[in-house]
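Here the structure comes first, spelled out in structure tokens, and everything after it is commentary.
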Amino acid sequence: MSDPTSADAMMSGAEATSVGATRTRTIVLALFGVAILLAVLKPWIPSALVRLPEGAILPWADWLDAGFSWLQNDIGLIHVTRTISGWLGFLTDAAANVLYGKSRWPRLEALPWSVVAACSAVLGYWLGGWRLALLAGGTFVWTALMGQWRWAMETLSVIAVAVPFGFGIGLLLGMCAWKSRRFEEALRPVLLVLQTLPFYSYLLPAVIFFKVGPTAASVATIVYSMPPMILMTIVGLRKVPPDVVEAGRMAGCTRWQMLRHVFLPSARNEILVGLNQVIMLALAMVVLTAFIGMPGLGAKLLAMMNSFKLGRSFEIGVTIVLLAVTLDRLSKAWVVKQPEHFEKGTPWWQRHAFLLLGVATFMLFYLLSQYLPILDEVGRRQSLSRGSEIDTLIKGFLSIAWVKAITDFIRWFFNLWVLIPTELALLFLPTFTVILAMTGIGYLLGGWFPALIGFLFFSAVAQLGWWDRAMLTLHSTLTAVFLAMLFGMPLAIWAAQRERASRWMIFACDTAQTFPSFIYLLPAIMLFGITPITVILAILIYTMVPVVRYTVEGLRGVPREITEAADMAGATRWQKLWKVEFPLAMPTIAVGLNQAFIFAFFMVIIAAFIGTRDLGQEMQRTLAGTDLGKNFTLGFSVVFMALSLDIAINSWARKRREILGQ
């Protein structure tokens with residue numbers, strides 16, 4: 001017989017769920033009803049409900065400018081930052097001198113390209129075998145033969161300085177947060193803001209406080225690359241097994257010994273994953289610092305794209321991609337490579353065989369480069385660059401009648417039937433309609449907290465005074481993410497049904513995620529020139545990566561016994577997909593959707609340099625002056641919108657995991 005108490009409990013739980021669902025439906029319908037009513041009655045409602053009056057907008061930019069001026073001049077922060085700038089300048093000059101021969105300390109000759117390529121191949125072989133050696137060595141051979149060596153070394157000289165600082169400061173802050181819950185609680189909101197703040201908001205303060213050029217680029221890169229290092233350090237140290245900690249204490253370890261010999265070695269993998277993220281974000285940011293006068297591959301790519309030299313842009317883009325993939329694969333190989341242990345008494349040369357091989361390789365190629373000039377430097381006449389030929393080929397392909405007809409049709413269709421109508425519709429909506437709609441979406445997805453965040457953050461966007469520009473940014477983001485879901489989901493579903501296709505798809509997505517975001521503009525510009533559809537296409541390509549990757553992972557992660565039970569119940573393929581696999585995979589898919597929104601907000605700001613009318617365009621203009629206040633009000637408009645969606649989607653994913661018991 002069944003237990004009456006348990007039956008009553010089940011009935012009361014079902015009733016509570018039903019009441020909760022009814023209340024949620026009522027509140028959401030009320031919020032959307034009022035929002036729609038305001039939109040319908042727009043011609044008759046007070047203008048203050050349509051757009052916040054200028055008199056009601058506080059002078060946030062002026063207040064921020066005054067605050068920055070107080071810090072810079074009254075407190076004397078400028079003297080501290082200029083001292084730091086001097087030390088960073090010394091380090092970047094030293095790295096530049098070693099890599100490409102800048103006339104600074106230590107006044108050494110630049111390393112021959114063949115030495116760097118050969119030593120990189122040895123490092124790749126030690127970390128991951130001959131395939132990684134071929135990738136690492138081949139990347140630098142390509143860079144030299146394409147005549148891009150100096151530009152690449154200018155970029156890497158900043159990375160060589162920024163990565164150790166980003167790693168060290170991130171590790172230190174992560175350890176402090178691990179030791180102190182209060183410090184972590186104070187640090188978490190800062191990290192959320194830093195991870196959603198547009199990159200222009202990193203660049204202008206760096207220029208004002210640390211001067212234009214490699215020094216400002218280093219500072220912006222360090223700050224930009226730190227958050228994942230901090231988070232991974234916290235995760236790694238918290239995951240150390242209690243029995244390992246207890247064993248260290250029983251051995252009589254001091255606090256320092258516990259940290260040095262127990263916690264940090266146990267958290268090695270997570271810390272190295274953080275280092276991988278620091279390296280990749282550093283490369284992405286260094287490319288973008290071309291906007292503040294940082295020389296290197298980013299500056300050359302920006303110049304070539306501005307002059308519409310597609311062939312040379314393509315070659316530089318390939319070099320940046322190869323560098324990104326190489327750095328990513330090398331650092332990931334270091335994560336999985338376990339420390340080697342030798343028996344006591346093993347000769348020193350056997351324990352350090354690869355180190356000796358690297359030194360021998362260095363000396364061999366350095367000596368060869370003294371007698372074979374081609375191994376020292378590839379001159380312009382010796383370069384294998386075919387930029388003009390590729391440019392002619394690309395432009396010739398795009399001028400073919402059927403290709404031009406397709407691109408013209410896509411441009412016409414999306415502009416006339418998608419972009420313009422949806423943009424005008426979003427700009428037509430009263431401010432409070434959008435605020436109430438975001439509040440309703442937040443409540444529907446996650447309850448009161450996401451609803452409150454949506455209300456407060458979108459109200460803050462209105463109060464900052466850039467509402468129409470913010471809506472243009474939101475429009476580009478929503479349109480691109482919708483299209484990414486529309487095109488990416490079917491592709492991911494197809495791949496998830498096939499073992500081999502899913503492996504290749506995840507590999508392709510992992511590789512694409514290493515590309516600096518600037519690269520995604522290249523195919524869009526090649527196909528559609530400088531037009532509004534170019535921005536949407538670039539964001540679409542960029543955001544499809546997390547959508548496809550996490551959809552494949554989510555569907556492949558559904559337990560086999562559940563799908564077999566569905567088969568035994570006689571479910572068709574579509575019934576199994578929509579009724580079984582998708583509901584179970586939705587928390588993972590939501591992670592991809594969340595990343596897609598964050599990526600889209602980031603990319604829409606980058607796309608400003610090709611001519612948008614949104615927040616990014618205004619932020620780019622601030623780089624020409626010292627409008628820090630305006631820069632930060634624009635930046636926080638993006639932050640507030642991104643965090644509203646981030647918190648709502650994460651809350652929904654967390655609720656789904658709780659329901660599914662994941």
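Nothing fancy with the numbering, it's 1 onward along the sequence.
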Verdict with reasoning, L643 to I453, per side-chain contact (heavy atoms from CB on, under 4.5 Å): CA-CA 8 Å; L643 285 180; I453 291 295; 5.7 Å; no
Test salt bridge (charged side-chain N to carboxylate O under 4.0 Å, His left out) applied to R182 and E185, step by step: CA-CA 5 Å; R182 288 185 178 180; E185 289 170 1; over 6 Å; no
Trace of the side-chain contact (heavy atoms from CB on, under 4.5 Å) decision for V163 with L275: CA-CA 8 Å; V163 167; L275 175 60; 3.9 Å; yes
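F597 is linked by a ring-ring contact (aromatic ring centres under 6.0 Å, His included) to nothing, counting only residues two or more places apart in sequence or in another chain. The salt bridge (charged side-chain N to carboxylate O under 4.0 Å, His left out) check on R556 picks up E499, with sequence neighbours excluded. Shown here are the side-chain contact (heavy atoms from CB on, under 4.5 Å) partners of A600, two or more places apart in sequence or in another chain: T477, V481, I539, T543. Shown here are the side-chain contact (heavy atoms from CB on, under 4.5 Å) partners of Q257, two or more places apart in sequence or in another chain: C253, T254, H261. In this view, S120 satisfies the side chain to side chain donor-acceptor pair (under 3.5 Å) rule with no residue, not counting sequence neighbours. Judged as a side-chain contact (heavy atoms from CB on, under 4.5 Å), and not counting sequence neighbours, the contacts of M232 are E270, V273. Taking the salt bridge (charged side-chain N to carboxylate O under 4.0 Å, His left out) definition, one finds that R260 meets it with nothing, sequence neighbours left out. The side-chain contact (heavy atoms from CB on, under 4.5 Å) test applied to L64 returns F68, F632, T633, not counting sequence neighbours. Applying the salt bridge (charged side-chain N to carboxylate O under 4.0 Å, His left out) rule to D62 yields no partners; only residues at least two apart in sequence or on another chain are considered.
Distance alone, capped at 3.5 Å, places no donor-acceptor pair between the T326 side chain and the L323 backbone. With hydrogens and angles disregarded, a donor-acceptor distance shorter than 3.5 Å links the side chain of N650 to the backbone of D646. Under the 3.5 Å distance criterion, the side-chain polar atoms of S644 are left unmatched by any main-chain donor or acceptor of F457. Counting only distance, with no hydrogens or angles, the side chain of S85 and the backbone of T81 share no donor-acceptor pair below 3.5 Å. Side-chain atoms of R656 never come within 3.5 Å of backbone atoms of T588 as a donor-acceptor pair (strictly under, hydrogens ignored). One N or O on the side chain of R351 and one on the backbone of T346 form a donor-acceptor pair closer than 3.5 Å.
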Pairs of donor and acceptor atoms involving the side chains of residues 189-198, under 3.5 Å and at least two apart or interchain, shall be tabulated with distances.
unit_1, atom_1, unit_2, atom_2, d
T196, OG1, L192, O, 2.9
T196, OG1, V193, O, 3.3

Atom pairs and distances, donor-acceptor, side-chain atoms in residues 164-180, under 3.5 Å, two or more places apart:
unit_1, atom_1, unit_2, atom_2, d
S180, OG, F183, N, 3.2

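Between E658 and R654, no side-chain nitrogen of the basic residue sits less than 4.0 Å from a carboxylate oxygen of the acidic one, so the salt-bridge criterion is not met.
The neighbour count for F354 CZ, taken as heavy atoms of other residues, nucleotides or ligands under 6.0 Å away, is above 12. Counting heavy atoms of neighbouring residues, nucleotides and ligands inside a 6.0 Å radius, atom CH2 of W63 exceeds 12 of them. Within 6.0 Å of atom CZ in R131, 12 or fewer heavy atoms from other residues, nucleotides or ligands are found, so the atom counts as exposed in its surroundings.
Q463 places a side-chain heavy atom less than 4.5 Å from the side chain of W60. Contact annotation: the side chain of D510 never approaches that of T514 to less than 4.5 Å [non-hydrogen atoms, C-beta and beyond]. Between L288 and I606, the closest side-chain pair of non-hydrogen atoms falls below 4.5 Å. Here the side chains of I435 and T439 are in contact, with some heavy-atom distance below 4.5 Å. Side-chain atoms of D65 and L628, non-hydrogen and from C-beta on, do get closer than 4.5 Å to each other. No side-chain heavy atom of L645 sits less than 4.5 Å from a side-chain heavy atom of I598. The closest side-chain heavy-atom distance from P214 to E154 is not below 4.5 Å. The shortest distance between side-chain heavy atoms of V207 and L623 does not fall below 4.5 Å.
The aromatic rings of F90 and W87 sit perpendicular to each other, their planes meeting at more than 60°, with 30° as the lower class boundary.
Pairing each heavy atom of A282 with each of S225, the nearest pair is N-CB, 4.2 Å.
Side chains of D627 and T622: no donor on one and acceptor on the other come within 3.5 Å.
Applying side chain to side chain contact (heavy atoms under 4.5 Å, CB included) to V545 and the options F515, F599, Y520 leaves one that passes, Y520.
Within the structure, every pair that satisfies the ring pair (Phe, Tyr, Trp, His ring centres under 6.0 Å) test and touches residues 185-221, not counting sequence neighbours, is listed here: F199-F291, Y200-F291, Y202-Y224.
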